[in-house]
> 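The structure follows.
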Amino acid sequence: MARKPSIPKGTRDFSPSEVSKRNYIFDIVRKHFRTFGFQPIETPAFENSETLLGKYGDEGDRLIFRILNSGDFIDKVDDVTYSSKNSASIAPKISEKALRYDLTVPFARYVVMHQNEIDFPFKRYQIQPVWRADRPQRGRFREFYQCDADVVGSNSLLQEVELVQLYDAVFTSLGLHGITIKLNNRKILAGIAEVIGAGNHLVPFTVALDKLDKIGEGGVKNEMLSKGIPEAAIEKANPLFSLSGSNSEQLEVLRNMLSVTEAGSKGVDELGFILNTLEEIGLQSAQLAIDVTLARGLDYYTGAIFEVAAPEHVQMGSIGGGGRYDDLTGIFGLQNVSGVGISFGLDRIYLVMEELGLFPSGIDRSLELLFLNFGEKEALTAFKMATKLRKSGVLCEVYPEAAKIQKQLKYADKRQVPYVILLGEKEMEEGTFVLKDMRTGQQEIKPQKEVGNLSIKS
RNA sequence: GUGGUUGUAGCUCAGCUGGUUAGAGCGCUAGAUUGUGGUUCUAGAGGUCGCCGGUUCGAAACCGGUCUUCCACCCCA
């Protein structure tokens, strides 16, 4: 081997045990998506660049992986552009496709393209990888999976309620208790900005506010100042920094503060409805918390904003997020279709579950029973028995070579097979086999006819 | 994209202010043990010291670049 092979930064190989555990999460998520009436779709790994570019802000554009055109692409660039050495002007001429950056924008594109076949309200789920040219960190990769559930074509706040229930159902099912679903509303943020007189600084205001738990009140105020937000406005925002108490108490403070703004009041009403309805219905294990600092940089949220925080003692960014966007398909020419959706960060959920030891034991068991190979004739009988067992769902295989028994047992040990069947010359004559429990070392002799009745408890 | 950090055997890591044949533990292979794994004992295999260049009589070590790892920022799942 001349050089050791490698994989690109921020990507990963998944070993058998990791795939098993990932599938365990996928299966649970998928099961709940389906029980809530969501239907699966899939979209291509890459889209036309114009579909993606400009949808996630400048910062987002930077993180989109672009795909080089095929053929002699440089020959097609005119001399002026070529000699400009300007990446921004050359890039569109040599790259017309880009890797999917998230699942929401492709979904919007899908809805617009298939609007005549879709029955609204349309509830879809989608579990596929996305790619971002980001710098990797813990829980941040350049290739990772998103599991999205979105509803388009309904303005009802019951959708928000249902999505919170869906979060609760999935995380409860995964055994991931103690998560907090943080709630906010874009209209509340807009209302606050309006009331304090920072209405035309809404984005920098929310971005700064979002960092409260990270850089503290002083840090947030400094950042706001540096973005040109008047000091008087920042002073007026003071009540936000000391917002505390129960959800309904916080809601009351917000209601008073925002009563003079139409948008703000509407946001408070919406949030109030969602909270009240959920209180009525009840949740299994998730906590609900109003968090006015929750901004989720995404420009297209217009109503509810969700974020799921891992249990407190786990060091991990958000493990899910979502919100309402009144006009997502507008960018593709279909007006007045409202959507609301949530996303699960599978890779991060995996890391959290691994850290908390929440995967059921034996989930990555790849083999329940191994037949040792004593020779041609014995192996043939073993094969017949294995065929029978497989029909009843037992994961089994016959060791392919008549290697030393010691070696075969060592292999069984490594694979952590709970049971081994020894079938040698003596057993052939007697029409029996020896069943060995690898964990206790105990063996028992059984007639070959009874192989179908074996109970494998692993 | 900005700043820092890391890279030595399959894995986890030693390796002194530069000094000649590159170290350990675990793992791996074989044997002790021709029908019994995990334990034990013995032997063995395995390394262009991330890569490229420079300084030096001499570089795993020092310098520059590059890739990679992890972390902080930006942003985000």
Side-chain angles (χ1 to χ4, degrees), chain A residues 1-12 15 25 29 56-64 87 100-104 127-148 203-204 207-208 210-211 214-215 219 223 294-299 306-310 315-323 341-352 370 372-375 378 399 402-428 433-443 445:
Chain A
M1 225 185 333
R3 267 180 66 186
K4 281 185 186 172
S6 63
I7 55 175
K9 147 162 75 168
T11 65
R12 298 150 297 160
S15 61
I25 301 177
V29 169
Y56 309 100
D58 292 344
E59 200 60 36
D61 280 2
R62 204 194 78 211
L63 298 177
I64 291 175
S87 307
R100 182 170 57 218
Y101 176 88
D102 74 354
L103 300 179
T104 307
I127 303 178
Q128 288 190 280
V130 302
W131 295 269
R132 295 185 187 178
D134 208 357
R135 283 233 188 149
Q137 279 177 46
R138 174 173 161 81
R140 293 179 82 161
F141 307 97
R142 301 217 291 185
E143 177 184 64
F144 63 97
Y145 269 78
Q146 284 194 335
C147 315
D148 277 24
V203 172
V207 167
D210 197 22
K211 293 177 189 163
K214 219 169 190 175
I215 59 179
E223 176 162 335
L294 183 59
R296 300 276 79 207
L298 290 177
D299 295 329
F306 308 115
E307 182 169 288
V308 181
Q315 193 66 35
M316 179 63 69
S318 69
I319 54 177
I342 57 172
S343 180
F344 291 80
L346 170 95
D347 298 272
R348 289 185 176 181
I349 292 170
Y350 179 100
L351 289 172
V352 171
L370 178 74
L372 299 196
N373 187 328
F374 285 79
E378 292 89 341
Y399 196 88
K404 290 204 324 197
I405 296 310
Q406 186 180 213
K407 187 174 176 180
Q408 299 190 40
L409 278 169
K410 225 167 189 166
Y411 173 79
D413 199 45
K414 295 267 172 55
R415 293 264 323 247
Q416 297 190 51
V417 188
Y419 293 98
V420 158
I421 283 182
L422 294 89
L423 184 61
E425 200 177 343
K426 195 170 79 195
E427 289 77 16
M428 287 291 281
F433 64 86
V434 174
L435 179 70
K436 181 182 174 81
D437 184 326
M438 291 295 282
R439 291 158 300 188
T440 62
Q442 282 178 343
Q443 309 187 165
I445 299 170

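Naming convention: chains lettered A, B, ... in sequence-line order (proteins, then strands); numbering from 1 in each chain.
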> Any donor-acceptor pair under 3.5 Å joining the side chain of A/Glu378 to the base of B/G35?
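Donor-acceptor pair under 3.5 Å: no.
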> Polar atom pairs between nucleotides 3-8 of chain B and protein, under 3.5 Å, N or O only, would you list them?
from	atom 1	to	atom 2	distance (Å)
B/G3	O6	A/Arg135	NH1	3.0

> Applying salt bridge (charged side-chain N to carboxylate O under 4.0 Å, His left out), which residue pairs with at least one partner in residues 131-148 of chain A are found, sequence neighbours left out?
A/Asp134-A/Arg140, A/Arg138-A/Glu355
> Does the ring of A/Phe344 lie flat against the base of B/A77, closer than 5.5 Å centre to centre with planes under 30°?
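Per 5.5 Å and 30° rule: no stacking.
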> Between the protein and nucleotides 27-30 of chain B, are there any N/O to N/O pairs under 3.5 Å, and if so, what are the atom names and distances?
from	atom 1	to	atom 2	distance (Å)
B/C28	OP1	A/Lys414	NZ	2.5

> Listed by chain and number, what are the ring pair (Phe, Tyr, Trp, His ring centres under 6.0 Å) partners of A/Phe141, not counting sequence neighbours?
none
> Please confirm whether any donor atom in the side chain of A/Gln443 sits under 3.5 Å from an acceptor in the base of B/U36, or the reverse.
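Counting by modelled atom types and ignoring angles, a donor-acceptor contact under 3.5 Å is found here.
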> Taking the side chain as everything from C-beta on, heavy atoms only, tell me whether A/Val434 gets closer than 4.5 Å to A/Glu427.
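Yes; the side chains approach each other to less than 4.5 Å.
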> With nearest nucleotide decided by heavy atoms, which residue, A/Thr440 or A/Gln146, maps closer to the 5′ end of RNA chain B?
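With A/Thr440 and A/Gln146 compared, the 5'-side residue is A/Thr440.
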> Taking Watson-Crick and G-U wobble pairs with both distances under 3.5 Å, convert RNA chain B into its dot-bracket string, 5' to 3', dots for unpaired and | for cross-strand pairs.
((((..(..((((.....[...)))).(((((.......))))).....(((((..]....))))))..))))....
> For the side chain of A/Leu409, starting at C-beta, report the closest nucleotide among B/A77, B/G37, B/G1.
B/G37
> What nucleotide among B/A77, B/G35, B/A72 has an atom nearest to a side-chain atom of A/Leu422?
B/G35
> Using the ring pair (Phe, Tyr, Trp, His ring centres under 6.0 Å) criterion, which residues pair with A/Tyr101? Sequence neighbours excluded.
A/Tyr56
> Are side-chain heavy atoms of A/Arg100 and A/Pro129 found at a separation under 4.5 Å?
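Sidechains of A/Pro129 and A/Arg100: in contact.
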> From the list B/U33, B/C75, B/A77, which nucleotide is the closest neighbour of the side chain of A/Gln406?
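Nearest listed nucleotide: B/U33.
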> Do we get A/Arg12 above A/Phe144's six-membered ring, with its NZ or CZ under 6.0 Å from the centre and within 45° of the axis?
no
> Using atom C1' of each nucleotide, how far apart are B/G4 and B/A77 to the nearest Å?
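Result for the C1' pair: 25 Å, nearest Å.
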